[in-house]
Undergrad: 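Structure provided below as structure tokens; questions to follow.
Note that this is a predicted model, so its numbers are computed, not measured. Position 1 is the first residue of the sequence, and the numbers go up from there. Note that these values count all heavy atoms, side chains included, but never hydrogens, waters or copies made by symmetry.
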Amino acid sequence: MAVSPCILQRLRPNLPPLLLPPYHYSRSHTTLTASASQKHRPISPDLVALEYADLNLSHRVSPELGQVRIRQHVNPLSASFSAPIEVPDWSQVFRDPTLPLMVDIGSGSGRFLIWLAKRNLDSKNYLGLEIRQKLVKRAQFWVKELALDNVYFLFANATNSFKQLVSTYPGPLMLVSILCPDPHFKKRHHKRRVVQKPLVDSIMNSLVPGGQVFMQSDVLEVAVDMRNQFDSEANSLEHIDELDSTVLCDSDGWLLRNPMGIRTEREIHAEYEG
């Protein structure tokens with residue numbers, strides 16, 4: 001199974017708007033050859049643990065939560081998720097709340113954001129928004145265990161909380177990531193998808209010039225839908241390969257590899273499945 005990633009960057013005021021190129025679904029580099037040895041392959045969760053081994057999270061189990069089992073699909077339109085959350089005191093959340101901020105919408109287990117935070121302790125802050133509360137509690141447990149003061153996770157519905165949260169943050173919003181969100185396959189459930197015009201507008205109103213949006217999906221139709229939502233902001237956003245010739249993309253603009261330094265968990269699962 002392939003993963004389709006792309007990055008869009010907000011144009012600086014002195015740059016003219018540029019046309020967006022057409023985009024196309026890109027096949028993953030990873031292929032698996034059937035053989036007798038395949039029965040000895042590690043299972044997908046083992047590969048995730050291996051990729052994130054330096055976080056050393058395997059023995060860090062919350063006494064409150066134990067081993068966490070999570071529902072894969074949640075209805076963000078449910079009344080229980082309709083109210084915006086209370087904005088935290090950023091000076092209590094981050095050691096330096098003026099640092100550039102990355103927000104990961106749908107942060108899942110949190111490993112990806114924690115890995116980034118551990119490598120950028122003094123230069124960036126990281127905020128994970130996740131609609132499944134048990135994942136947030138476990139991620140926050142890991143953050144405390146690792147004594148990190150530049151990453152924080154909130155139980156929040158990004159659709160109605162993103163603007164309120166980010167508008168109060170003292171520093172600049174430099175990066176928003178939306179990585180393999182719930183595809184909500186059924187047509188009648190498409191309205192549940194996280195990337196809708198209100199969220200796009202909130203992100204565009206919050207990103208500083210030069211800020212970026214990083215999107216990724218292992219479902220072609222979802223990847224295209226997310227891209228099209230942001231392509232409507234062609235006067236303010238440009239695809240990264242048009243601005244930086246060193247970024248490797250295929251002929252239609254999909255990134256050839258994840259530029260963040262580590263694969264997301266869903267990316268690992270998708271490449272494993274082939």
Undergrad: Would you list the pairs meeting salt bridge (Lys or Arg N to Asp or Glu O under 4.0 Å) in which at least one residue belongs to residues 148-174, sequence neighbours left out?
TA: Arg95-Asp149

Undergrad: Looking at every non-hydrogen atom in both residues, tell me the closest pair between Gln140 and Phe153 and how far apart they are.
TA: OE1-N, 2.9 Å

Undergrad: What distance separates Tyr169 OH from Leu101 CG, expressed to the nearest 0.5 Å?
TA: 5.0 Å

Undergrad: Which is it for Met102 and Leu113 under the side-chain contact (heavy atoms from CB on, under 4.5 Å) test, yes or no, and what are the steps along the way?
TA: CA-CA 9 Å; Met102 171 182 173; Leu113 219 55; 3.9 Å; yes

Undergrad: State, to 0.1 Å, how close Ser91 and Pro97 come at their nearest heavy-atom pair, and which atoms those are.
TA: CA-CG, 4.1 Å

Undergrad: Can you check whether His239 reaches Arg227 side chain to side chain, under 4.5 Å on heavy atoms?
TA: yes

Undergrad: When rounded to the nearest 0.5 angstrom, what is the spacing between CH2 in Trp115 and CG in Leu55?
TA: 9.0 Å

Undergrad: Between Leu148 and Tyr126, is there a side-chain heavy-atom distance shorter than 4.5 Å?
TA: no

Undergrad: Using the side-chain contact (heavy atoms from CB on, under 4.5 Å) criterion, which residues pair with Val166? Sequence neighbours excluded.
TA: Val103, Phe162, Leu173, Ser206

Undergrad: Just grab all the salt bridge (Lys or Arg N to Asp or Glu O under 4.0 Å) pairs involving residues 104-114, residues at least two apart or on different chains.
TA: Arg111-Glu265

Undergrad: Does the side chain of Gln196 reach to within under 4.5 Å of the side chain of Gln229, using non-hydrogen atoms?
TA: yes

Undergrad: Nearest 0.5 angstrom please: Leu57 CG to Leu146 CG, how far?
TA: 6.0 Å

Undergrad: Are the side chain of Asn150 and the backbone of Ala117 linked by a donor-acceptor contact shorter than 3.5 Å?
TA: yes

Undergrad: Does any non-hydrogen side-chain atom of Arg257 lie less than 4.5 Å from one of Leu248?
TA: yes

Undergrad: Where is the tightest heavy-atom contact between Pro181 and Val222, given as atom of each residue plus distance?
TA: CG-CG1, 4.4 Å

Undergrad: Without swapping roles, check the side chain of Asn120 against the backbone of Leu116 for a donor-acceptor pair under 3.5 Å.
TA: yes

Undergrad: Report the residues that fulfil side-chain contact (heavy atoms from CB on, under 4.5 Å) with Glu51, sequence neighbours left out, ordered by chain and then residue number.
TA: Ile262, Arg263, Ile268

Undergrad: May I have the step-by-step check of side-chain contact (heavy atoms from CB on, under 4.5 Å) for Leu127 and Val93, ending in yes or no?
TA: CA-CA 10 Å; Leu127 178 65; Val93 168; 5.7 Å; no

Undergrad: Identify the heavy atoms of Leu175 and Leu207 that sit nearest to each other, and give their distance.
TA: N-CD2, 4.2 Å

Undergrad: Got a sec, which residues hit side-chain contact (heavy atoms from CB on, under 4.5 Å) with Thr168, two or more places apart in sequence or on another chain?
TA: Val87, Trp90

Undergrad: Apply the test side-chain contact (heavy atoms from CB on, under 4.5 Å) to residues Val195 and Ile105: give CA-CA distance (whole Å), side-chain angles for both, the deciding distance (0.1 Å), then the verdict.
TA: CA-CA 10 Å; Val195 178; Ile105 296 176; over 6 Å; no

Undergrad: Is there side-chain contact between Val136 and Leu154, with at least one heavy-atom pair below 4.5 Å?
TA: no

Undergrad: What's the spacing between Leu179 CG and Asn258 CG if we round to 0.5 Å?
TA: 7.5 Å

Undergrad: With side-chain contact (heavy atoms from CB on, under 4.5 Å) as the test, would you mind laying out the steps for Asp46 and Leu50 before giving the verdict?
TA: CA-CA 6 Å; Asp46 291 338; Leu50 182 63; over 6 Å; no

Undergrad: Knowing that exactly one of Lys134, Gln133, Arg132 qualifies, which makes a side-chain hydrogen bond (donor to acceptor under 3.5 Å, both in side chains) with Glu130?
TA: Arg132

Undergrad: What pairs with Glu267 under salt bridge (charged side-chain N to carboxylate O under 4.0 Å, His left out), at least two apart in sequence or on another chain?
TA: none

Undergrad: With rounding to the nearest 0.5 Å, note down the distance linking CD1 in Ile85 to CD in Gln164.
TA: 7.5 Å

Undergrad: For the residue pair Lys124 and Leu99, what are the closest heavy atoms and their distance?
TA: N-CD1, 3.9 Å

Undergrad: Looking at Met204 and Ser236, what are the two nearest heavy atoms and their distance?
TA: CE-CB, 3.4 Å

Undergrad: State, with a plain yes or no, whether a side-chain heavy atom of Phe112 is found less than 4.5 Å away from one of Met260.
TA: yes

Undergrad: More than 12 heavy atoms of other residues, nucleotides or ligands under 6.0 Å from CD of Glu86: is that the case?
TA: no

Undergrad: Hey, are the side chains of Val247 and Pro259 touching, using non-hydrogen atoms and a 4.5 Å cut-off?
TA: no

Undergrad: Do the side chains of Phe230 and Cys6 get nearer than 4.5 Å, heavy atoms only?
TA: no

Undergrad: Hey, what do you get for CE (Met226) to CD (Glu221), rounding to the nearest 0.5 Å?
TA: 10.0 Å

Undergrad: Applying side chain to side chain contact (heavy atoms under 4.5 Å, CB included) between Glu233 and each of Leu237, Asp231, Asn235, report the one that passes.
TA: Leu237

